[in-house]
2 protein chains.
Amino acid sequence: MAPIPNPRIVFAKPIPEGAWPVIGEHLVYDDSRTIDPNTVPLNGGYLTKALYFSPEPYMRVRMRDENIIDYSSPMKVGAPVVSLCVLKVLRSEKEGIEPGDLLYGGSHWELYTVQPYVEARRERDPSWPPWTIHIDGFIVHNKVPDPKGAFPLYKYCSLGGAPGMTAYASWKKYAHAKKGETVFVSAGASAVGSMIIQFAKLDGLKVIASAGSDAKVEYMRSLGCDVPFNYKTTPYKDVLAKNGPIDIYYDNVGAEAFAAALDNMALFGRIIICGQIAEYNVAAENKFGIKNTDMIYKLNLTVNGFLTPYLAEEYAPKFFVNVPPMIAEGKLKSEERIYDGIESAPQAFVDMLKGGWDTANGKVVVSLVNQ
Amino acid sequence: MAPIPNPRIVFAKPIPEGAWPVIGEHLVYDDSRTIDPNTVPLNGGYLTKALYFSPEPYMRVRMRDENIIDYSSPMKVGAPVVSLCVLKVLRSEKEGIEPGDLLYGGSHWELYTVQPYVEARRERDPSWPPWTIHIDGFIVHNKVPDPKGAFPLYKYCSLGGAPGMTAYASWKKYAHAKKGETVFVSAGASAVGSMIIQFAKLDGLKVIASAGSDAKVEYMRSLGCDVPFNYKTTPYKDVLAKNGPIDIYYDNVGAEAFAAALDNMALFGRIIICGQIAEYNVAAENKFGIKNTDMIYKLNLTVNGFLTPYLAEEYAPKFFVNVPPMIAEGKLKSEERIYDGIESAPQAFVDMLKGGWDTANGKVVVSLVNQ
């Protein structure tokens with residue numbers, strides 16, 4: 001068999017702080033490579049065909065100048081973009097990995113890849129501080145069960161994958177939820193937020209959740225949220241004063257939402273900080289500034305911030321056992337927006353960034369199944 | 001025996017927000033009462049003679065207009081001031097309480113009191129929110145061991161009492177200290193801060209601590225602090241950037257100290273918020289505003305705020321068993337500043353407020369032993 005095209009999306013140039021990625025400049029479609037899947041040397045590894053790419057916000061932080069320090073390692077300029085992907089094994093020289101296996105984990109944005117991927121991989125740089133997460137070291141390949149039609153495979157990019165794991169692990173570890181309590185979820189229509197709404201309802205809680213459009217409010221209502229609201233038309237503080245106090249605040253937003261939640265917490269309340277998207281693109285001096293941290297001691301609160309990779313070792317195995325059956329049984333819902341073909345990946349990434357995780361249109365996924 | 005004078009300090013008038021107490025106006029010495037200790041009816045209770053009063057900052061919050069909601073119940077206008085006190089039992093009709101017993105707990109600022117005190121006592125008001133602490137319900141009388149000269153009794157107002165218990169309980173519950181870690185304590189010369197420095201050194205930590213004068217810096221050094229500094233002459237951020245990262249931040253100050261600590265925490269660090277004295281008298285709109293709460297998730301931090309009454313049930317018994325022997329053996333040090341006589345109590349209270357807990361001159365105590 002002759003070599004076939006192996007198109008890829010290359011991270012061609014660092015994106016300046018606060019700027020949007022420009023397709024064709026920072027993210028470039030490159031179809032110059034070919035591969036022969038039957039003969040390419042595996043060097044003890046395995047060959048995968050990508051089925052789905054999962055564009056996510058944290059990737060934007062990685063697309064920076066490599067000299068800037070942040071909480072995640074920078075991507076390699078000139079190499080393929082790396083994201084979480086659903087992969088199918090075609091050939092293998094590695095024990096425990098068999099042709100036909102389905103994997104979920106980090107890989108190149110290209111159709112065929114010899115694993116572990118080499119070109120975009122970084123070693124840990126000694127100049128990084130300890131809190132910089134070495135992404136290539138963390139996103140390993142998890143075998144995932146074949147749903148055999150019970151749900152589409154791309155759900156492994158939404159509630160069956162990282163966003164679901166993020167919600168699952170943080171809720172299990174930090175919420176200490178008790179039936180009858182009240183939770184407030186900001187960005188409740190996001191991939192993570194929509195899972196938190198559902199986990200909280202399964203645990204018997206009253207759920208208040210915010211989002212930025214009326215369509216998202218309806219989406220949250222459809223997930224069982226008791227008090228969904230549009231923060232652009234109804235101030236956080238009014239809704240929380242009326243429907244609180246809050247036992248648990250699940251923060252995806254920060255800033256005004258965080259301050260309003262602090263003022264409306266219950267005694268012994270818990271705050272879980274997953275992210276603070278309201279300030280991702282705000283210069284330090286223009287940030288909101290939280291002036292009511294005194295509520296943390298006055299109400300005997302516990303605040304836990306986290307990044308999913310640090311919870312994965314403890315919770316990923318439980319997640320991949322417990323959650324796929326819940327998806328199959330229809331106990332957990334999610335919506336996805338599918339972009340077809342590798343050429344659409346840069347646009348999918350930009351659209352995802354502009355909608356944030358906070359999209360009623362569903363989690364953005366790029367499908368490669370037709371290629 | 002004829003009745004003898006029973007002088008008292010009356011909370012005569014609520015103190016306006018942001019104002020200092022005026023002696024003779026808000027806090028009034030009243031020697032019009034008499035008592036016959038031998039014949040006063042006990043009604044099933046017991047009669048105590050006060051040995052020491054313990055003026056503390058939280059009392060200022062209680063001296064407000066009773067219609068203002070805050071985290072502690074307001075004092076009763078016209079009744080004696082209530083504080084933690086060291087008491088000696090003179091007579092008793094209550095089982096388990098014997099003449100000669102030493103007690104530490106809440107009582108009137110008067111020489112002789114029939115317990116439980118009645119005049120200044122409030123019942124819980126249904127209009128208070130759940131987070132308002134019903135102080136009269138919380139500050140019970142703990143029997144304390146007679147040190148028999150191994151340390152002065154007034155130490156039960158400093159490291160043997162509430163400030164010590166505050167430090168002990170919060171450190172045991174929230175610090176998860178490991179030998180070799182680094183802790184930063186703000187207001188390290190305060191009653192609580194100075195205990196934290198000592199507990200941290202006993203646990204084998206490196207200790208950084210701040211205070212507002214060079215005398216306090218020397219005091220902290222004498223307690224074993226490795227990196228004491230004067231925040232008025234050396235910025236928090238410089239010291240922490242040089243001597244961090246910090247595994248544990250023990251916050252007594254808030255504002256700039258809190259922000260600088262957040263920027264210099266280690267991965268998986270713990271922050272314990274005991275109080276934020278920098279902003280107690282700052283109007284909401286003028287508060288500092290914390291702009292780097294993103295470090296809480298980027299560093300996977302845990303932040304615990306607390307008020308001592310909520311920890312007392314779990315930790316007070318352990319405290320009164322473990323800490324007095326450590327004081328007797330000289331393993332824990334504290335300094336006290338003794339005001340002699342009940343008439344000096346209002347001035348002692350004002351001086352304590354102006355020095356804060358952050359005083360190298362020692363914990364303020366009012367002695368009644370000569371009366």
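Residue numbering restarts at 1 for every chain, and letters A, B, ... go by the order of the sequence lines.
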*Asks:* Given side chains that start at C-beta, do those of B/Ile296 and B/Asp294 come closer than 4.5 Å, heavy atoms only?
*Replies:*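 The answer is no; the side chains never approach within 4.5 Å.
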*Asks:* Tell me, out of B/Trp131, B/Phe306, B/Tyr174, B/Tyr71, who's got the most heavy-atom pairs with chain A below 4.5 Å.
*Replies:*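 The candidate making the most pairs under 4.5 Å is B/Phe306.
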*Asks:* Less than 4.5 Å to any heavy atom of chain A: does that hold for the side chain of B/Tyr297, its backbone, both, or neither?
*Replies:* both
*Asks:* Side chains of A/His134 and A/Trp128: closer than 4.5 Å at any heavy-atom pair?
*Replies:*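 In short, these two side chains touch, coming nearer than 4.5 Å.
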*Asks:* Can the ring centroids of B/Phe268 and A/Tyr310 be said to lie less than 6.0 angstrom from one another?
*Replies:* yes
*Asks:* Counting heavy-atom pairs closer than 4.5 Å to chain B, which one of A/Leu311, A/Asn304, A/Leu299 comes out on top?
*Replies:* A/Asn304
*Asks:* Of the backbone (N, CA, C, O) and the side chain (C-beta and beyond), which part of B/Leu301 lies under 4.5 Å from a heavy atom of chain A, both, or neither?
*Replies:* backbone
*Asks:* Kindly indicate whether a cation-pi arrangement holds for A/Lys354 with A/Trp20, taking the cut-offs as under 6.0 Å to the six-membered ring centre and within 45° of the axis.
*Replies:* yes
*Asks:* Considering only heavy atoms from C-beta outward, does the side chain of B/Thr182 approach that of B/Asn243 to under 4.5 Å?
*Replies:*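 Not in contact.
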*Asks:* Checking heavy atoms, do the side chain of A/Asp70, its backbone, both or neither come under 4.5 Å from chain B?
*Replies:*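 It is the side chain, since no backbone atom gets that close.
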*Asks:* Using non-hydrogen atoms only, which part of A/Ile273 is less than 4.5 Å away from chain B: side chain, backbone, both, or neither?
*Replies:*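 Both the backbone and the side chain of A/Ile273 come within 4.5 Å of chain B.
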*Asks:* Is it the case that the side chain of A/Arg270 and the backbone of A/Ile248 share a donor-acceptor pair, with hydrogens and angles ignored and the cut-off at 3.5 Å?
*Replies:*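 Answer holds: no.
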*Asks:* Which of the residues A/Asp251, A/Leu267, A/Ile272 is involved in the greatest number of heavy-atom pairs with chain B at under 4.5 angstrom?
*Replies:* A/Leu267
